[in-house]
Amino acid sequence: MEFKYDVVVVGAGHAGCEAATAAAKLGAKTCLITMDMNKIAQMSCNPAIGGIAKGQIVREIDALGGHTGEVTDATAIQFRMLNRSKGPAMWSPRAQCDRAKFIWTWREILENTPNLSIWQDQVVELLTEENKMPYRGVDNALQGNGKRSVVGLRTLQGVTFHAPCVIITAGTFLNGLMHIGRTKIPGGRCAELPSLHLSESIAACGITVGRMKTGTPVRIDGRSVDFSQMQRQDGETDFHKFSYMGEPRQLPQLPCWITYTNEAVHERLRAALPDSPLYNGQIQSIGPRYCPSIETKLVTFSERTEHQLFLEPEGSSTRELYLNGFSSSLPIEAQIEALKLIPAFRNLQIYRPGYAIEYDYFDPTQLRHSLESKIVDGLFMAGQVNGTTGYEEAAGQGLVAGVNAARKIAGLEPFVMRRDESYIGVLIDDLVTKGVDEPYRMFTSRAEYRILLRQDDADARLTERSYEMGLASRERYDHWLRKKQTISEIEDLCSNFSVKAALINQGLKALGSEQLQRGCKLIDLVMRPQLNLTNLATLIPTLSDKLNSIKDRREEIIEAAEVRIKYSGYIRREKEIAEKIQRLENIRIKGRFHYEDIKSLSTEARQKLTKIDPETMAQASRIPGVSPSDINVLLVMMNR
């Protein structure tokens, strides 16, 4: 066995799994190194995939040829489409998964991916050497360019891996430290050792390291819960799922449950705040704003008399339940005593308490949009090591890093997605342009083109591009082409078919829609809020025949066509805005300016532009502290 690879991926979480499979499928000889092969793609917190904006990311991963969507569908035990009361730009799929089945489904994919090996070990050192790429120095002699390049890794077992590209996807394991009250336990996850030394090895290359924090709630024994005291929340059983490929969800669907804290719970928790690592100075790093601990909720929302909690299943064959909304690092006795004051938990038994965890991350502004380091050639980073949180954000970054590592080996240009092309593009641009001061998570509000980035059209945005670079399979590409053709046929029918008032007015009245004064095109009726393709098909035989002729993915295609028709004006306007902004994206400025010498720029702009070294004028415009007047200065200088 030779330990020589094109790409080595460190860490087999959600980022690592997508990175390794993407690199291998693009032809790179790849090795995935994990500390525990039985914890591959472990869901460290809630065993759920998707949610607001996160669901869109998973659909994008799937459209590109990644695997998170299909693994989610195969292991889903509850599915819901969130934000249905809002427009389709806000619809977001979410699934509760069987944690154990999720791991083994991913492992089966990894073990059957050509060009991909797995090694169980801990990486302790990044090996680099001075870059051999030559340039001519002042004495006209060829010299190294001063940068360092990856040449491999060394592990705890004493194995040296040789590889020109390394992807770090170590999650919360880099110098991980868990907190339960005043108790501190080294670890990357509960009952799992931390990864030591690797972080220091990377920092020695000149890469900035920081500390962040996240947390997880108590895990409850379902046999001790009085479900009669809770509100049942069932999932949905319609056609929606995550992957554009594959079969509908197969596992039995399970309910979630809703309950609330109360004043007695809050009083017990407040009494324990002096022992909270967040408030006694034990933890210095910043936690995620969007998912605060229960103690943070008490302090921030002191006027609230109750907080909603969701009790969610961990699997189809386990009694273990996850208490969403009760993340905590308070002492064990405080967590248990407070929860027992909720009627449903009077006889509470738990498997383990909630805890907080601190870990190392690396400043993402030191990365390019390809997720390759600006400082160390061949070093890529993805997931929580970039200051993000969430399985979906990690998986999206992992896929991009894996693709770009393989493309680097092949001597190809990096694969970069625009902000108007994907939520993954928004995520990566935010990271490398703005950096992070707290764990980053994706929201629909972060995407200025969210009407273009809907969950229903990820395949339309990304599959053809992925197929062209060799990641999406021919089967997936043909799958999309058939869907694209059918949607186009429905749109053409609606645009060209004339509806006569006398033949449809009674039906319109029955559907609660205003009757016609004269004939119109079918598309004008589809645009009405009370009407849709399905109920209009009951009135128009030609439309009914067309919809009934769709044999494969009928509901999915009808929904996609309907969204495109109903929101065509908004979609068209947003595309026009994106095209205008794209002009700035096409102005490449990397290496064109010495920003410190441009005195007409503000001091802050000179500092930020020098640090980020943006690729394009549009990226420069998104850097905090760079004003429109600073951009105008650069545009004038470009014209000169």
| Do His14 and Phe102 have side chains that get closer than 4.5 Å, going by heavy atoms? | yes
| query | Is it the case that Thr30 and Asn115 place a side-chain donor and acceptor less than 3.5 Å from each other? | reply | no
| said: Please evaluate residues Val403 and Val400 with respect to the criterion side-chain contact (heavy atoms from CB on, under 4.5 Å), reporting the C-alpha separation (whole Å), side-chain torsions for both, the decisive distance (0.1 Å), and the verdict. | reply: CA-CA 5 Å; Val403 166; Val400 170; 5.8 Å; no
| request: For the pair Thr113 (side chain) and Ile109 (backbone), establish whether a donor and an acceptor sit closer than 3.5 Å, ignoring hydrogens and angles. | output: yes
| query | Do Phe3 and Trp119 make the cut of ring centroids closer than 6.0 angstrom? | reply | yes
| Between the side chains of Gln56 and Ser92, does any donor sit under 3.5 Å from an acceptor? | yes
| task | Compute whether any side-chain donor of one residue and acceptor of the other, for Gln485 and Glu489, lie under 3.5 angstrom apart. | result | yes
| field | Heavy-atom check, side chain of Phe161 versus side chain of Ile33, under 4.5 Å | value | yes
| task | Dump the intermediate steps for salt bridge (charged side-chain N to carboxylate O under 4.0 Å, His left out) on Lys608 and Asp630, then the final yes or no. | result | CA-CA 11 Å; Lys608 294 288 183 67; Asp630 293 320; over 6 Å; no
| query | Under a 4.5 Å cut-off applied to non-hydrogen side-chain atoms, are Val7 and Phe380 in contact? | reply | no
| query | Between Arg553 and Phe239, is NZ or CZ placed under 6.0 angstrom from the six-membered ring centre and within 45° of the ring axis? | reply | no
| said: Using the side chain to side chain contact (heavy atoms under 4.5 Å, CB included) definition, which of the options Gln366, Gln619, Lys374 pairs with Val432? | reply: Gln619
| query | Does the side chain of Thr68 reach to within under 4.5 Å of the side chain of Glu392, using non-hydrogen atoms? | reply | no
| Partner of Asp429 by salt bridge (charged side-chain N to carboxylate O under 4.0 Å, His left out), out of Arg446, Arg418, Arg419 | Arg419
| request: Begin with the C-alpha distance, continue with both residues' side-chain angles, and end with the deciding distance and a verdict on salt bridge (charged side-chain N to carboxylate O under 4.0 Å, His left out) for Asp478 and Arg482. | output: CA-CA 6 Å; Asp478 289 342; Arg482 291 192 295 271; 5.2 Å; no
| query | Going by the angle between their ring planes, with limits at 30° and 60°, are Tyr467 and Tyr477 parallel, tilted or perpendicular? | reply | parallel
| request: Mark yes or no for whether Lys566, through its side chain, and Val526, through its backbone, hold a donor-acceptor pair below 3.5 Å. | output: yes
| task | Ignoring hydrogens and angles, state whether a donor on the side chain of Thr388 or Asn386 is under 3.5 Å from an acceptor on the partner side chain. | result | no
| Are a donor atom and an acceptor atom from the side chains of Gln455 and His240 found within less than 3.5 Å of each other? | no
| Heavy-atom neighbours of Arg84 CZ exceed 12 at 6.0 Å | yes
